[in-house]
Amino acid sequence: MTPLLKIDGLKKTFGGNEAVRDVSFEVNPGECVVLAGDNGAGKSTVIKMVSGVYQPTDGKVYKNGTLLTGKSPEAVRSAGIETIYQDLALADNLDPGLNLYLGREVTRRVFGIPFLDRKKMREDAVEVMRNLGIVVPDPAAPVRDMSGGQRQAIAIARAIHWQAEIVIMDEPTAALGVPEQREVMALIERLKSKGVGIILISHNLPDIFAAADRIIVLARGMVAGERRPTETNDEEIVRMMMGATL
Amino acid sequence: MITDMMNEVKTKKHSRGASFARSLLDAWSWLFLILILGFFEIYAQTQTGSTFLFRIHNLQSISIAASQILLLGLGLTLVIVAAQIDLSIAFSTGLAAVVMALIIRAAGVDAGWMIVGLAILAGLGAAAAVGLVNGWLVAYLNVPSFIGTLGTYGIARGAALIVAGGATVSIRNDHTRALGNGDILGIPIPLVVAGVLALGCHYLLKHTRFGVHTYALGANRAAVERAGVDVKKLLIKLFVLSAITAGIGGLIYTSRFSAGAANAGEPILLYAVAAVFIGGASLTGGQGTISGTVIGAFIIAVIQFGLVYSGLPPYWQFVAVGLVIIIAVLVDQSKERIVGDRS
C-alpha cells in the first residue's frame with residue numbers, strides 16, 4: 001500500500017552545518033505521527049522541507065506516490081498539505097467566516113455590483129466548526145473574542161474546509177492553557193477519525209503520548225528511534241531525545 | 001468523553017451592564033457631535049437670541065469645512081486600517097490643485113469644458129503619481145510608511161511650489177467657478193463630491209475583498225500573505241487611493257477659490273488624521289470605519305465653525321480639537337478595559 005506521505009532520506013545543510021542528516025518516515029491516513037525532539041533536533045527543518053518552505057539538500061517527499069519535492073509552498077498546499085503555525089495566521093479583527101475564507105472570499109452581486117457574502121461565509125464557518133465539535137458562540141464576533149482552543153479550531157477548520165489530507169501542526173498547544181490544550185487534543189482525534197494524516201511537532205511528553213499513533217524521535221538531525229506509545233514510556237523517549245548515547 | 005470536553009468550551013461572557021457601557025462607548029462620537037451642536041445652539045439662543053443649527057448658511061459652511069477634511073481623510077482611513085500612515089496627502093492635495101490651475105490658466109480665459117476636464121485628469125494623475133511612489137517605497141523597498149510618506153511630503157511640496165513658481169496660481173474660468181461654488185438641489189457641490197466618495201470608500205472597505213484584505217493586513221500581515229493575497233499590490237492600491245481622494249480635495253480647492261495653491265492641503269492634514277482617529281481607528285491598524293471618519297470630520301468642522309461663530313478667538317479651535325483627539329483615545333482604551341483583557 002502506498003503511504004499517504006512518504007519522507008525518504010531528507011537532508012538539509014545550511015552552510016557547513018548539517019541541520020538534518022537523514023530522516024525518513026511515513027504517514028498513513030487517519031494516523032498521527034509525532035515528531036519529538038529537543039530544540040535544534042531538526043524537527044522544524046524537516047517540516048519546512050515537507051511544506052515546501054525549504055528545498056532539501058538531498059532526499060525526497062512523496063504524497064500518494066507523487067513527488068512533492070521541488071514544489072512551492074503554494075503548490076504543496078494545493079496538493080492537500082496544510083501547515084498550521086504557532087501564530088495561527090488568523091486575522092484577529094475578522095469573524096470566523098472571513099478567516100475561513102481569507103484570500104478566497106465569496107461575493108454575490110446586487111444589481112451587478114459584487115458584495116461580500118458575509119452570511120454564507122459565517123454559516124459555512126459555523127458548519128465546519130460544528131463538524132469539529134465546536135460551537136461558535138457568536139459567528140459575527142471577531143475571533144480575538146474566542147478562546148485559544150476555539151481559535152486553534154478555526155485554523156484547523158480552514159485546513160479541513162480546503163480539503164487538506166495532511167495537516168502539519170507545529171507545537172499547537174504551546175501557547176494554550178490546560179483546558180484549551182485538551183480541546184486541541186480532542187480536535188486531533190476528530191481529524192484522525194476523518195482520515196486526515198497528521199504530523200505533530202511537540203516536546204511535551206503528555207501531548208506526545210495522548211496524540212501519537214507513532215512517535216518518531218529526532219536527535220541531532222537523525223531519527224534516533226521510532227516507537228508506538230504503548231511500547232514505550234516517558235523515560236525512554238527522553239533518553240532518545242537526549243541523543244541515545246546517554 | 002471528547003464531546004464532554006468540547007462542551008465545556010470556554011467563552012468570554014460579558015455582563016449585560018458591560019455590553020451596555022460598550023455600546024454607549026461605541027456611539028460616543030455621535031453623542032459627542034450632538035452634544036457640541038446642542039452647546040452651540042444654546043449659546044446662540046442665550047447670547048444672541050438666534051439659532052445656530054437651523055440656519056442654511058451655517059450648515060453649508062460646516063459641511064464644506066467637513067468635506068475638505070473628509071477628502072483628505074477618506075483614503076487615509078483605509079491606509080490607517082492597514083496599519084500604515086500617509087503624511088504626503090497634504091501635498092498630493094496641493095500638487096493636484098496647482099497642476100489643475102496651471103493647465104486652465106495656460107488655456108486662457110475661454111477654456112472650455114474639454115480643457116477643464118483635461119486639467120482635472122492631469123491633477124488627479126499628479127496626485128496618483130505621489131501615491132504610486134508611496135506604495136512602491138512601502139511595498140517594495142520596505143520603507144516604514146511614516147518615514148516614506150514624510151519624504152514624499154517634502155518632495156510633493158517642493159514639486160508643487162516649483163511648478164507653481166512659488167506663488168498661488170490664480171485663474172479666471174466660469175466653468176471652474178461653477179464647479180466649486182455651485183450646488184445640486186441646494187447641496188454644495190464639494191459636499192456632494194465628498195459624500196459620493198465617502199459612499200465609495202465605505203463600499204470598498206466594508207463590502208469588497210479588497211476591504212477584508214485591508215482589515216486583515218492591519219491585524220496580521222503574515223496571515224494575509226499566507227492566504228495567498230498579493231500584499232505588495234494591495235499596499236500600492238491603498239496609497240494610490242489615498243493620494244487620489246486627497247487630490248480630489250485639491251481640485252475642489254482650485255475650483256472654489258479660482259486659484260491653485262501648493263499649501264492647499266497642509267493646514268488640513270492633521271485635522272484629517274484626527275478625524276480618522278476620532279472615528280475609532282487605531283494607530284496599530286485593523287480597526288476604523290468610513291462612517292467614523294465622517295463623524296470625526298463633522299465634529300472638527302462644528303468646533304471650528306462654532307467657535308468662530310460664537311465670537312471666541314478662533315485659536316481655541318486648536319485647543320478644542322486637541323482635547324477631542326485625547327478623549328477619543330481614552331474612550332478607545334476604556335472600551336478594551338470594559339471588555340476585559342484579551343490575552
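Only heavy atoms go into these numbers, but all of them, side chains included; no hydrogens, no water, no symmetry mates. Numbered from 1 within each chain, the chains take letters A, B, ... in sequence-line order.
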Task: Contact winner vs chain A - B:Leu217, B:Thr208, B:Val224, heavy-atom pairs under 4.5 Å - done: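 Ranked by heavy-atom pairs under 4.5 Å with chain A, first place is B:Thr208.
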Task: Distance in Å, A:Leu98 CG paired with B:His213 NE2, rounded so as to fall on 0.5 Å steps - done: 9.0 Å
Task: Distance in Å, B:His207 NE2 paired with A:Arg108 CZ, rounded so as to fall on 0.5 Å steps - done: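 Answer for the NE2-CZ pair, B:His207 versus A:Arg108, is 9.5 Å.
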Got more than 12 heavy atoms from elsewhere within 6.0 Å of [atom1], [X]?
X: B:Phe146; atom1: CZ; answer: no
X: B:Lys206; atom1: NZ; answer: no
X: B:Leu283; atom1: CG; answer: no
X: B:Trp30; atom1: CH2; answer: no

Are the side chain of [X] and the backbone N or O of [Y] linked by a donor-acceptor pair below 3.5 Å?
X: B:Asn220; Y: A:Leu90; result: yes
X: A:Arg77; Y: B:Ala227; result: no
X: A:Asn93; Y: B:Tyr215; result: yes
X: B:Arg209; Y: A:Leu116; result: no

TODO: Under 4.5 Å heavy-atom distance to chain B, tell me which part of A:Glu105 shows up: side chain, backbone, both or neither.
DONE: both
Open item on the list: Please classify the contact between A:Leu102 and chain B as side chain, backbone, both or neither, with a heavy-atom cut-off of under 4.5 Å.
Closed with: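 Both the backbone and the side chain of A:Leu102 come within 4.5 Å of chain B.
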Task: Side chains of B:Tyr203 and A:Ile113 in contact at under 4.5 Å (non-hydrogen atoms) - done: yes
Task: Exercise: identify the closest heavy-atom pair between A:Ala91 and B:Ala223 - done: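 Where A:Ala91 meets B:Ala223 most closely, the heavy atoms are N-CB, 4.3 Å.
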Task: Structural part of B:Val229 lying under 4.5 Å from a heavy atom of chain A - done: side chain
